[in-house]
Amino acid sequence: MLTSTDWIQALNLMPHPEGGYYREFHRSSIKLHKNSLPPDFKGERELGSVIHYMLTSDSFSAFHKLSSDEIWHFHDGSAFLIHLISPQGEYSVIRLGLDVNVGQVPCFVIPAGYFFGAEVAEENSFALASCTVMPAFNFAEFVMPTRDELISIFPHLINEIMHLGRKG
């Protein structure tokens, strides 16, 4: 069984600004013209992109949102807990993993416009997934507010935001 260090080295992962480790391994050569995208996109965009993404139990992915849908595909380790806040302020948690008998799902779509963050379900563990973003990921549409900014939008979720929010 591979350790988190083995995976980081094998996949050549590097630290991600939202937390954890990543490496992009595919970006489509097919481009979507700006006119075919919603107005919040800053320019033309590739059809899709895919990264390998890993979290260890001593880190988390801070709440952030994208203008694109993001599909998470579980690969190895302990389950991810993916925390979601809908644009209307509804909070939910998805368990991404392989044990469907306890309610885990092996693949999950995070809709565009949702704030989301993630953590590893078990202590002293890691979780590895691939994340497919369509249209392709671009930091121009990556929004990662501070805890205080998120709490001002969703004051009823202060505890959840304090848990996975970015200090600021």
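Everything numeric here is computed off the predicted structure, so don't read it as measured data. When a residue number appears, it is its place in the shown sequence, counting from 1. Reckoned from all heavy atoms, side chains included, excluding hydrogens, waters and symmetry mates.
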Those residues at least two apart in sequence (or on a different chain) that pass side-chain hydrogen bond (donor to acceptor under 3.5 Å, both in side chains) with Asp6 are Thr3
Heavy-atom closest pair (Met54 atom, Trp7 atom, distance to 0.1 Å) is CE-CB, 3.1 Å
Those residues at least two apart in sequence (or on a different chain) that pass side-chain hydrogen bond (donor to acceptor under 3.5 Å, both in side chains) with Glu160 are none
*For the residue pair Met162 and Ile151, establish whether any side-chain heavy-atom pair is separated by less than 4.5 Å.*
yes
Modelled atom types, side-chain donor and acceptor of Glu70 and Trp72, under 3.5 Å: yes
Show me the donor-acceptor pairs within less than 3.5 Å that the side chains of residues 12-20 make with the rest of the protein, sequence neighbours left out.
{"residue": "His16", "atom": "ND1", "partner": "Glu18", "partner atom": "N", "Å": "3.1"}
{"residue": "Glu18", "atom": "OE1", "partner": "His64", "partner atom": "NE2", "Å": "3.2"}
{"residue": "Glu18", "atom": "OE2", "partner": "Ser61", "partner atom": "OG", "Å": "3.0"}

Rounded to the nearest 0.5 angstrom, the CZ-CD1 distance for Phe74 and Ile82 is 10.5 Å
The side-chain contact (heavy atoms from CB on, under 4.5 Å) partners of Leu47 (sequence neighbours excluded) come to Ser28, Ile30, Leu32
Report task. Could you tell me whether the side chains of Thr146 and Asp148 share a donor-acceptor contact shorter than 3.5 Å? Result -> no
Problem - 4.5 Å side-chain heavy-atom contact, Ile161 and Phe154 - result: yes
Does the Lys34 side chain pair with the main chain of Phe41, one donor and one acceptor, at a distance under 3.5 Å?
yes
For this session: Using a 4.5 Å cut-off on heavy atoms from C-beta on, say whether the side chain of Ile85 contacts that of Phe63.
Result: yes
Quick one: side chains of residues 117-138, donor-acceptor pairs under 3.5 Å with protein atoms, not counting sequence neighbours, listed by atom name and distance.
{"residue": "Glu119", "atom": "OE1", "partner": "His163", "partner atom": "NE2", "Å": "2.9"}
{"residue": "Glu119", "atom": "OE2", "partner": "His83", "partner atom": "NE2", "Å": "2.8"}
{"residue": "Glu119", "atom": "OE2", "partner": "His163", "partner atom": "NE2", "Å": "3.0"}
{"residue": "Ser130", "atom": "OG", "partner": "His52", "partner atom": "ND1", "Å": "3.4"}
{"residue": "Ser130", "atom": "OG", "partner": "His75", "partner atom": "NE2", "Å": "2.6"}
{"residue": "Thr132", "atom": "OG1", "partner": "His73", "partner atom": "NE2", "Å": "3.1"}
{"residue": "Asn138", "atom": "OD1", "partner": "Ala140", "partner atom": "N", "Å": "2.7"}

Just wondering, are more than 12 heavy atoms of other shown residues or ligands nearer than 6.0 Å to OH in Tyr21?
no
The side-chain contact (heavy atoms from CB on, under 4.5 Å) partners of His33 (sequence neighbours excluded) come to Asn35, Ser36
Across all chains, not counting sequence neighbours, the side-chain hydrogen bond (donor to acceptor under 3.5 Å, both in side chains) partners of Ser57 are none
Grouping ILVMFWY residues whenever side-chain heavy atoms fall under 4.5 Å, the cluster of Met1 otherwise contains none
Residues passing the side-chain hydrogen bond (donor to acceptor under 3.5 Å, both in side chains) test with Ser68, sequence neighbours excluded, are none
Hits for side-chain contact (heavy atoms from CB on, under 4.5 Å) against Pro87, two or more places apart or cross-chain, chain-then-number order -> Tyr114
Taken to the nearest 0.5 Å, the spacing of Leu81 CG from Leu164 CG works out to 9.0 Å
Let me check something: do Met144 and Leu66 share a hydrophobic cluster, defined by ILVMFWY side-chain heavy atoms less than 4.5 Å apart, either directly or through other members? yes
When every non-hydrogen atom of Asp40 is compared with those of Ser67, the smallest separation belongs to OD2-OG, 3.1 Å
For residues 92-110, which side-chain N or O atoms pair as donor and acceptor with protein atoms under 3.5 Å away, sequence neighbours left out?
{"residue": "Asp99", "atom": "OD1", "partner": "Asn101", "partner atom": "N", "Å": "3.3"}
{"residue": "Gln104", "atom": "OE1", "partner": "Leu98", "partner atom": "N", "Å": "3.1"}
{"residue": "Gln104", "atom": "OE1", "partner": "Asp99", "partner atom": "N", "Å": "2.9"}

Walk me through whether Leu150 and Phe115 qualify under side-chain contact (heavy atoms from CB on, under 4.5 Å).
CA-CA 9 Å; Leu150 262 181; Phe115 283 100; 4.0 Å; yes
Here the salt bridge (Lys or Arg N to Asp or Glu O under 4.0 Å) pairs for residues 42-51, sequence neighbours left out, are Arg27-Glu46, Lys31-Glu44, Lys31-Glu46, Arg45-Glu141
